[in-house]
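Some notes on the structure that comes next.
Chain naming here is simple, since letters A, B, ... match the order of the sequence lines and numbering starts at 1 in each. The structure displayed is predicted, hence computed values, not measured ones.
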Amino acid sequence: MAERDEAPLLDVRGLEKTFPGRRGRRGRRAPAVRAVDGISFDLRRGETLGLVGESGSGKSTAARAILRLLQPTGGQVVFDGEDIARLGRRELRSVRPRMQMVFQDPYSSLNPRMTVGEAIREALRVNRVGDRGSRAARLGELLELVGLDAHFAGRYPHQMSGGQRQRVGIARALATEPELVFADEALSALDVSIQAQIANLLVDLRDELELTLVFISHDLRMVRHISHRIAVMYLGRIVELGDAEQVWSRPAHPYTASLLAAVPSTEPEAAGRRLEPVAHGERPDLDGLPDGCRFHPRCPLATDLCRVAEPEIRDVGTDGAPQLTACHHAELLFPAASAESAPTGASSAKRS
Amino acid sequence: MSPEPLLAVEDLVVEFPAPDGGGAVRVVDEISLTLAPGEALGVVGESGSGKSMTAFALMGLLPAQSRTAGSIRYRGEELLADDGARIAAIRGREVAMVYQDPMTSLNPVLSVGHQLTQVIRHHRGLGKAAARERAVELLRAVGIPGAAARLRDHPHQFSGGQRQRIVIALALSCDPKVLVADEPTTALDVTVQAEILALVARLREQSRMATVWITHDLGVVGGFADRVAVMYSGRVVEQATVAELFRAPSHPYTIGLLNSLPRAGDRTRLTPIPGSPPDPAQRGDGCAFAPRCAWAVDACRVHRPQLEPVGGGHEVACHRWREVRGGIEHEAVTHHG
């Protein structure tokens, strides 16, 4: 992928999505839930961004707000030069086919009473792609693209394996020839041996069709494998964003370090090494955010500063590769000297 | 390392009547496992491997229409042939189980304290106050903050990770000798998973509780189990210590599973196992993995391989394990050289 200095395909600026608090007893409203609390990032064409974080971190909500499946409550979503955050239903019609989503469980995103052919033709029809004749031809192309025989067009979801269903989910997302694809936990429901098949398919399609991909997953091993850059979300904020290998080998946020320390390994030297959580305790609720840094109650590095001042995003990258962090003390995570065999962030942050 | 096993499964078979009425579908096919006191056994397999059915058999919780053969002995006592009364006594007190979905084990309309004290009183015959005290102690042990104040709360008032911890507290309430855990951390975040694994490891050290940890993730057993049994299509295809299994995986399926996982520093294409696992109703006579196996020869399609020792307590069910191992070593050499 040539590094060209061109306008990003997607430029998200200060995106917010707030849900109104639930109405409690005596008509009192709970405080609003800031599920996505001002996140910014951009994506070049052909780039893959991995989006990680625990459940409740806001990664799926962010994806849905960017794709306008949810209405953002603040910020901008600039897609190919146009801010689509406030476009109306009609104006969105020309944008929608250009950005698509692959969901976690194809079983629940496919209509059980529609054959694969019907489901894909519907996606084409709704998005006004081609006429009846050309849609039939396109269906054949799409099935071939995702590695399914033509006879799958007549199958129902329950007649297929999980991996085959996810191939259909991908074919349907690709039906409109999108430029931007979000894959939201698209591998999580699959068996390990099948995950690798679908991961390869996604990477091949990305390269072949020059897709821009946002890969959302809690599986950090897979995120690192697939992504060029990684964004780590915690309680609605991006706390770290940088080159995938850089983030993995030199995390600049204690939350990232704690995620990496919890990644199970199958390397021979991992046998007998216990996974020890670095960050202890439960994450706070979104409607009761702590003052200061929102990670401080679980953070082994927290100081008084962290309890009062929310850290600004800053760049701690090296060698011209930006690595953004929202931590006052990111430098404490880095090995002091320019150690040759840089210890993984996981182990450097292990002592808590 | 084989003192008198606490739990010994021998040639366990679990069958269900075929949906079309003809014959039986074998979901667990002559598996044998042993568990020593204090030992942690990881059982790894994908969906349809029979790992959950094995757990259900251990707990005497198989559906009524199932048919079993073989033997499951707990401290020498046969559990499989029993009418249920004896199993019921052993279950809960001696052998406890934790499921993937904590809500399988928790009643949504009863407070957590009520559920805990009920179990404690039933199994240990404690009075109300003593049972309550024990419940608080257990919740504290599994890391629920403000345990005493939270007895009154209902399951939905806890997070997913906390609910799973409560279920573990419930399972531990009677000091079981064996804990059977079926994918208890699969639905949880990695950080919470690490906390729960660390918690159970701690409890294991304190009480010498033996553990059977069922998972689809080879990585999870790495830091936790002493031994691993890899299951495929109803059978154990490989069994070894964790260190030995990671160092010298010898069944093509185990190797395939390991290769399916992204490796550190390697961004090339993954090497998935082609195809998908067989329908247990359609399994032929040969090795169930043969249709997906790059090593398969004619013999594999005709004769089902049995587990055989390959040295160092390592067992493999593959006709071609010698070639498979040789091939791996050859590959490793050429890679380095």
Side-chain angles (χ1 to χ4, degrees), chain A residues 52-57 161-164 188 190-201 203-204 218-228 244-245 248-249 255 258-283 285 298 344, chain B residues 44-49 143 145 158-162 187-198 201 215-226 241-249 253 256-267 269-277 292:
Chain A
V52 303
E54 292 169 296
S55 46
S57 61
S161 69
Q164 289 163 345
S188 311
L190 304 172
D191 272 324
V192 176
S193 70
I194 310 297
Q195 280 186 14
Q197 293 178 8
I198 303 296
N200 280 347
L201 175 67
V203 169
D204 289 347
H218 66 275
D219 182 348
L220 278 104
R221 289 172 294 192
M222 201 59 98
V223 167
R224 175 202 196 184
H225 183 79
I226 289 182
S227 315
H228 302 116
E245 289 305 317
W248 186 280
S249 57
Y255 177 62
S258 78
L259 283 181
L260 292 176
V263 172
S265 166
T266 49
E267 306 296 329
E269 53 283 7
R273 191 182 71 205
R274 198 186 286 176
L275 294 172
E276 279 293 354
V278 173
H280 289 272
E282 299 281 328
R283 65 178 171 79
D285 281 336
R298 298 172 68 186
T344 65
Chain B
V44 176
E46 298 183 282
S47 45
S49 63
F158 294 85
S159 72
Q162 286 178 328
L188 304 175
D189 290 316
V190 284
T191 49
V192 182
Q193 166 170 285
E195 284 187 9
I196 291 200
L197 285 169
T215 174
H216 68 278
D217 191 336
L218 266 170
V220 166
V221 297
F224 181 81
D226 303 312
T241 62
V242 178
E244 170 72 10
L245 191 84
F246 284 3
R247 190 189 64 78
Y253 174 65
L257 271 186
L258 286 164
N259 285 343
S260 297
L261 298 169
R263 291 245 161 174
D266 182 5
R267 281 154 83 63
R269 286 170 61 86
L270 300 171
T271 323
I273 304 173
S276 38
R292 305 175 75 184

Problem set entry | Toward chain A, the part of B/Leu257 with a non-hydrogen atom under 4.5 Å | both
Problem set entry | Side chain, backbone, both or neither of A/Val192 within contact of chain B (heavy atoms, under 4.5 Å) | both
Problem set entry | Any donor-acceptor N/O pair, A/Gln164 side chain to A/Ser161 backbone, under 3.5 Å | yes
Exercise. So, the side chain of B/Asp217 versus the backbone of B/Gly219: is there a donor-acceptor pair under 3.5 Å, distance only?
Worked result: yes
Problem set entry | Side chains of A/Arg298 and A/Ser258, donor plus acceptor under 3.5 Å | no
Seminar exercise, completed: Ranked by heavy-atom pairs below 4.5 Å to chain A, first place among B/Leu218, B/Leu261, B/Thr271 goes to B/Leu261
Exercise. Any donor-acceptor pair under 3.5 Å linking the side chain of A/Gln197 with the backbone of B/Ile273?
Worked result: yes
For this session: Identify which part of A/Ile198 has an atom lying under 4.5 Å from any heavy atom of chain B, answering side chain, backbone, both or neither.
Result: neither
